[in-house]
Each structure stands twice: as C-alpha cells, then as structure tokens.
Undergrad: 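Sharing a structure here in structure tokens format.
In what follows, every chain begins at residue 1, and chains take the letters A, B, ... in the order their sequences are listed. Only a predicted model underlies this, so the values are computations on that prediction, with no experimental measurement involved. Note: hydrogens, waters and symmetry copies are ignored here, and every other heavy atom, side chains too, is used.
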Amino acid sequence: MLDIKFIRDNADLVRLAATKKKVKFDLDRLLKLDDERLEFLRAIETARAEQNVVGEKIAKASATDKATLIADMTTVKEKLKGTEESMATVMKEWQTLMLQVPNIPDISVPEGQDESENVEAYTWGKKPKFDFPAKDHIELMTALGMVDLERGTKVHGFRGYFLQGAGAEWSWALFNYARDFFGRKNFVPFIAPAIVKKEYFYGTGHLPREAEDLYKTQDDDYLSGTAEVPMMAYHGDEILTEAELPKRYLAFSPCYRREAGSHGKDTKGLIRVHEFFKLEQLIICRADHNQSVELHEEINRNYEEFLETLKLAHRRLVICGGDLSLGKVKQYDTEVWFPSQEAYREGSSASYYHDFQT
RNA sequence: GGUGGGGUGGCCGAGUGGUUUAAGGCGACAGUCUUGAAAACUGUUGUAUCCGAAAGGGUACCGUGAGUUCGAAUCUCACCCCCACCGCCA
C-alpha cells in the first residue's frame, strides 16, 4: 500500500500507473476524500485540545464552577461526537480506495494489454524433439505409478492427487536438492505456517482482491497460497536496521489455492492444484530502487541457474503492465519447455514490490 | 474447552478516574573529569500525524476494538496473545 502523502505528491505518477496496469481507479475521489479527512481531523484535534485544557480546569475548580464547566463541555462533546462520526464514514471509503491504489510499475515494464504482450527476454537450452508424439506428465506418471489422480479425486475432489512411489521420492529429492542449492547461496531455510491471520493478507495485497481464491478457516484466518504471506508477516511490526539487510530467506510451506477464477484451465494433472508444497525465495531489502533491481535479478538468476543444472530448456518473460498485479512493480516469469505441448509454460515468477505494509 | 494470573516506552518496572508532562531504574548517546578508559556527576533519549519557512505548538498511541465519563493506562464489554493448572484428543 502506498503512503497517502506519496499519492498526494505524485498524483500524476499514480494516474499513469493505473493506465499502464489497466486498472480502473478513481484517484480524484480518493484525493477529495483525503481533503475531507484532513478537514475533519483538524476539527477533531482542535476540539480535543479544548477538552484537555478545560478538563484540567475542572480538576482544579470549586464545586460550583465545576458544574458550569462540565455543562459547557457537554456541548463540545456532542459536537465532537458528530464530527467523529462523519470522519468514520469518510475513513471507511478512504480505506477501501487506499487498498486499490496501484503500485508504480518500473520504468522498464513493457506497455501491453494482457499476457499476449509479455516480452520474451531470454531463452536457454535445447528444446527436446521426438520423432514420436510425446506423452504428457499425466500419462507418464500414471503409467509409472508416480501419481494417482483417480483416487486423488475420490478423496479430495476436483483437482485432487496423490503422489506415490517414485513420484513422492522425486518430490522429496527435488526439495532436498533445492535446499542444498539455495543453502550455498546464503538463503536461510524456513518452514512457514500456511494458516495466517487475515491482516497479513491485506498487508501483502492478497486481500481484498483474492478473497475468492483463498481458503478461509472457521476462526476467520486464511490459508496462504504462498510462503510470501507468512514470511512477510514474520517481520511484521518490526523495525529492521539497515545493517541486517538484505535478508535472504528460503521458505518451505504448504500452499492452498481454491483456483476459483480458473475454471476450465489445466483441469487435469499436477499443474494447477488446490494443495501443494513450495519453496519460495524471499529477500527483504532497503526501499531502494537500485538494490531492488539488483536483488530481483539475483532471485530470477537463481531460479534460472537451478533449471540449468537440471538441463531444462526455459525462457524468461518480462510481464507487461496489463498483466501485472496491483502491488507488483516488476515481474519476470521463467517458463519451462513442455515437449508434450510444444510450448513454454509453468515455471516460476520473480517479482518485486515496494512499501509492503504488514 | 475450563479456571486463575498477566500484557505499560529499547529493556525492567510503578501507577485503580483529574497535580501523569507515564514515577524510578537499566541501557544508549553527549558532556564534565581523565594521558586514555572505568567510576562518578550533568544533560539528552519513542512513534505517527496535523499546523508552521523555522523556532515551536496541537492531537493520538499503556495488547486490539468498542463503550461509560466533562475527563480513562486506571471503570465496563468483546476479542487477541503470554504464563500456570485442569479436561479432551493425539
């Protein structure tokens, strides 16, 4: 969430950001509300100042003076109450709008309407070619007893799966390999909780927009779809010293996604599931543009190197403004070549944000 | 799930309706003294926000939210978290 002061001082930038991200956002409404907010704030603070001054007099006054003063203050109190109510009404809408303010995209983010205009920046490796039709992961893994999708659906429902035998072994092996790989790069390993308090989803910009895509508990908590949420919350409410930054974390967590907005997409297999485990690279650094750019590149290179050691052909995509989410400033997607589909897809994304409030 | 105790500044800790401008201590920083340090002494020491060119001043913040009151760290209600014990489950 951007600071209202920044928004006021850089209204044109925010307006441009909304245009580039194809976000409909009524900035003028927010600015008008903020004027009202400040006006009410001044009125309330003046009334409270009076209350404090007279309050002190009351404490020291004689019994008769006391009664008069208290009677006077009753009217001040009534007026103050009215102003506070008006302020509350304004604040409600103000807060709703503040959550919709788009973050300012990096200057290098390409203009574009949607994903079709994302820009390929880089490709690596030889795409494997076969003189026979390539089987996809579902066929291969089912045949080799690595996954059981039928029983997965029986037990979990739509998009359910069991990893079994070599499928389970491979999964553990890959996590161990990644743990080792990133350990060498000085990332501190974490196992993070997936059940997280609501406020941190707002803080990381997942709520209110993704409410439909998140599982919610009967205690009003949410299940996170990425370790980004608990790991940002980890330092929530803390002030970090510059000397301890940047912090590099590698967090393992279960991830839960309802996939409510993706009906019909990847309905089979392991590509889009409700529940999975993931390792997430996360770096917290100074709010400094140059450093953010550098570390963003570092995170993305780490993943690309990881794919290189596995000899998987892949490409880097620069995500265009129209395909960028509200809070992100810049994002690379790294996509792996799928021989069975003759297409790049489903890799990992590296993005960066400014001014997260958690 | 139940009962009891608790949550106050960077830390410890006092404070049960108005002299609180949150006592006192520790720590940190600066100064005096010293060849230097320690000790001692003196002073300074939160965050946010509003007004102001600045100096300065206002407001809010004692776990969170609401309420009572002219006035709340203090009283009431709800919730969160910590500690102890009990129950249940593993």
Side-chain angles (χ1 to χ4, degrees), chain A residues 1-11 14 30-99 101 155 190-204 206-208 214-224 229-245 247 254 284 286-287 354-358:
Chain A
M1 192 158 85
L2 294 178
D3 184 358
I4 184 65
K5 257 192 194 165
F6 176 87
I7 296 168
R8 289 184 75 101
D9 293 344
N10 301 278
V14 175
L30 176 63
L31 293 177
K32 185 170 170 281
L33 280 171
D34 197 53
D35 286 339
E36 288 175 30
R37 178 184 72 93
L38 290 174
E39 205 174 300
F40 284 132
L41 190 67
R42 255 167 261 156
I44 288 170
E45 289 188 352
T46 310
R48 285 204 187 129
E50 190 188 352
Q51 222 170 39
N52 287 341
V53 170
V54 179
E56 210 170 312
K57 275 190 202 161
I58 292 174
K60 292 171 185 165
S62 66
T64 40
D65 290 348
K66 214 174 239 185
T68 329
L69 286 169
I70 288 175
D72 287 350
M73 288 318 289
T74 311
T75 50
V76 173
K77 188 195 174 184
E78 287 306 315
K79 210 174 133 192
L80 180 61
K81 207 172 174 184
T83 317
E84 279 172 341
E85 274 162 20
S86 311
M87 174 91 166
T89 312
V90 168
M91 282 312 284
K92 206 174 167 192
E93 194 185 343
W94 186 88
Q95 273 158 352
T96 308
L97 283 177
M98 280 297 281
L99 290 171
V101 180
V155 174
F190 274 82
I191 297 179
I195 302 173
V196 177
K197 288 182 185 175
K198 192 162 57 176
E199 59 197 272
Y200 297 113
F201 286 87
Y202 282 99
T204 49
H206 289 277
L207 281 175
L214 293 171
Y215 288 98
K216 192 179 177 182
T217 74
Q218 61 267 55
D219 297 316
D220 228 15
D221 297 323
Y222 286 83
L223 302 190
S224 70
V229 182
M231 288 319 292
M232 289 301 294
Y234 183 73
H235 286 298
D237 260 337
E238 289 177 27
I239 295 168
L240 304 174
T241 58
E242 257 187 66
E244 58 189 314
L245 299 175
K247 287 182 176 291
I284 297 170
R286 229 172 50 224
H354 277 143
D355 296 315
F356 253 151
Q357 276 186 357
T358 53

Undergrad: May I ask you to say whether A:Asp220 pairs ionically with A:Lys216, meaning some side-chain N is under 4.0 Å from a carboxylate O?
TA: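 Yes, A:Asp220 and A:Lys216 are salt-bridged.
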Undergrad: How long is the line joining CD1 of A:Ile4 and C1' of B:rA48, in whole Å?
TA: 15 Å
Undergrad: Tell me: CD1 of A:Ile7 to P of B:rU49, nearest whole Å?
TA: 13 Å
Undergrad: With a 3.5 Å limit on both atom pairs, tell me what B:rU19 is paired to, counting Watson-Crick and G-U wobble, or say none.
TA: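 Paired with B:rU19, as far as the under-3.5 Å criterion goes, is no nucleotide at all.
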Undergrad: The side chain of A:Ala49 is closest to which nucleotide in this list: B:rC70, B:rG58, B:rA60?
TA: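 Per side-chain heavy atoms of A:Ala49, the pick is B:rG58.
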Undergrad: Considering heavy-atom distances to RNA chain B, does A:Gly55 or A:Met73 have its closest nucleotide positioned more toward the 5' end?
TA: A:Gly55
Undergrad: Is there a Watson-Crick or G-U wobble partner for B:rG71 with both distances under 3.5 Å, and if so, which one is it?
TA: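 None - no nucleotide pairs with B:rG71, as no candidate has both distances under 3.5 Å.
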Undergrad: Is the closest basic N to carboxylate O distance between A:Arg48 and A:Glu84 below 4.0 Å?
TA: yes
Undergrad: Please give, in whole Å, the distance from B:rA66 C1' to A:Met91 CE?
TA: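 Distance, rounded to whole Å: 17 Å.
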Undergrad: I'd like to know if the side chain of A:Asp34 reaches the main chain of A:Leu30, judged simply by a donor and an acceptor atom lying under 3.5 Å from each other, with no hydrogens or angles considered.
TA: no
Undergrad: Name the residue closer to the 5' end of RNA chain B, choosing between A:Lys81 and A:Gln51 according to the nucleotide with the nearest heavy atom.
TA: A:Lys81
Undergrad: Rounded to whole angstroms, how far apart are OH on A:Tyr200 and P on B:rC81?
TA: 11 Å
Undergrad: Output the distance between atom OG1 (A:Thr89) and atom CE (A:Met91), rounded to the nearest 0.5 Å.
TA: 11.0 Å
Undergrad: Can you see if the side chain of A:Asn52 gets near the phosphate of B:rG18 - specifically, an N or O under 4.0 Å from OP1 or OP2?
TA: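 So the side chain of A:Asn52 is outside the cut-off, no N or O lying under 4.0 Å from OP1 or OP2 of B:rG18.
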Undergrad: How long is the gap from CG on A:Leu207 to OH on A:Tyr200, to the nearest 0.5 Å?
TA: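 Result: 14.0 Å between the selected atoms.
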Undergrad: Counting only heavy atoms not in A:Leu38 (residues, nucleotides, ligands), do more than 12 fall under 6.0 Å from its CG?
TA: yes
Undergrad: When you measure from the side chain of A:Lys77, which nucleotide among B:rG18, B:rG71, B:rA60 comes out closest?
TA: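 Closest nucleotide to the A:Lys77 side chain: B:rG71.
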Undergrad: Please tell me which of the listed nucleotides, B:rU68, B:rU59, B:rC70, lies nearest to the side chain of A:Ile70?
TA: B:rC70
Undergrad: Can you check the distance between B:rU16 and B:rG71, where both ends of the measurement are the C1' atom (answer in whole Å)?
TA: 16 Å
Undergrad: Measure the OG-CD distance between A:Ser86 and A:Glu39 for me, rounded to the nearest 0.5 Å.
TA: 10.5 Å
Undergrad: Just the rounded figure in Å: distance from P of B:rA60 to CE of A:Met87.
TA: 13 Å
Undergrad: Output the rounded distance in Å from CD (A:Glu84) to C1' (B:rU69).
TA: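 Computing the A:Glu84:CD to B:rU69:C1' distance gives 14 Å.
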Undergrad: Applying a 3.5 Å limit to both distances, which nucleotide forms a Watson-Crick or G-U wobble pair with B:rU42?
TA: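 Pairing partner, where one exists within any strand: B:rA30.
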Undergrad: Apply salt bridge (Lys or Arg N to Asp or Glu O under 4.0 Å) to A:Asp221 and A:Lys198, showing your working.
TA: CA-CA 5 Å; A:Asp221 297 323; A:Lys198 192 162 57 176; over 6 Å; no
Undergrad: Taking RNA chain B as the partner, which of residues 37-45 of chain A come within under 4.0 angstrom of it by heavy atom?
TA: A:Leu38, A:Leu41, A:Arg42, A:Glu45
Undergrad: Can you tell me the distance, in whole Å, between the CD atom of A:Glu85 and the P atom of B:rA66?
TA: 13 Å
Undergrad: Could you state the CZ-P distance from A:Arg48 to B:rG18, rounded to the nearest angstrom?
TA: 20 Å
Undergrad: With heavy atoms under 4.0 Å as the rule, sort A:Lys57 into base, sugar-phosphate or nothing.
TA: nothing
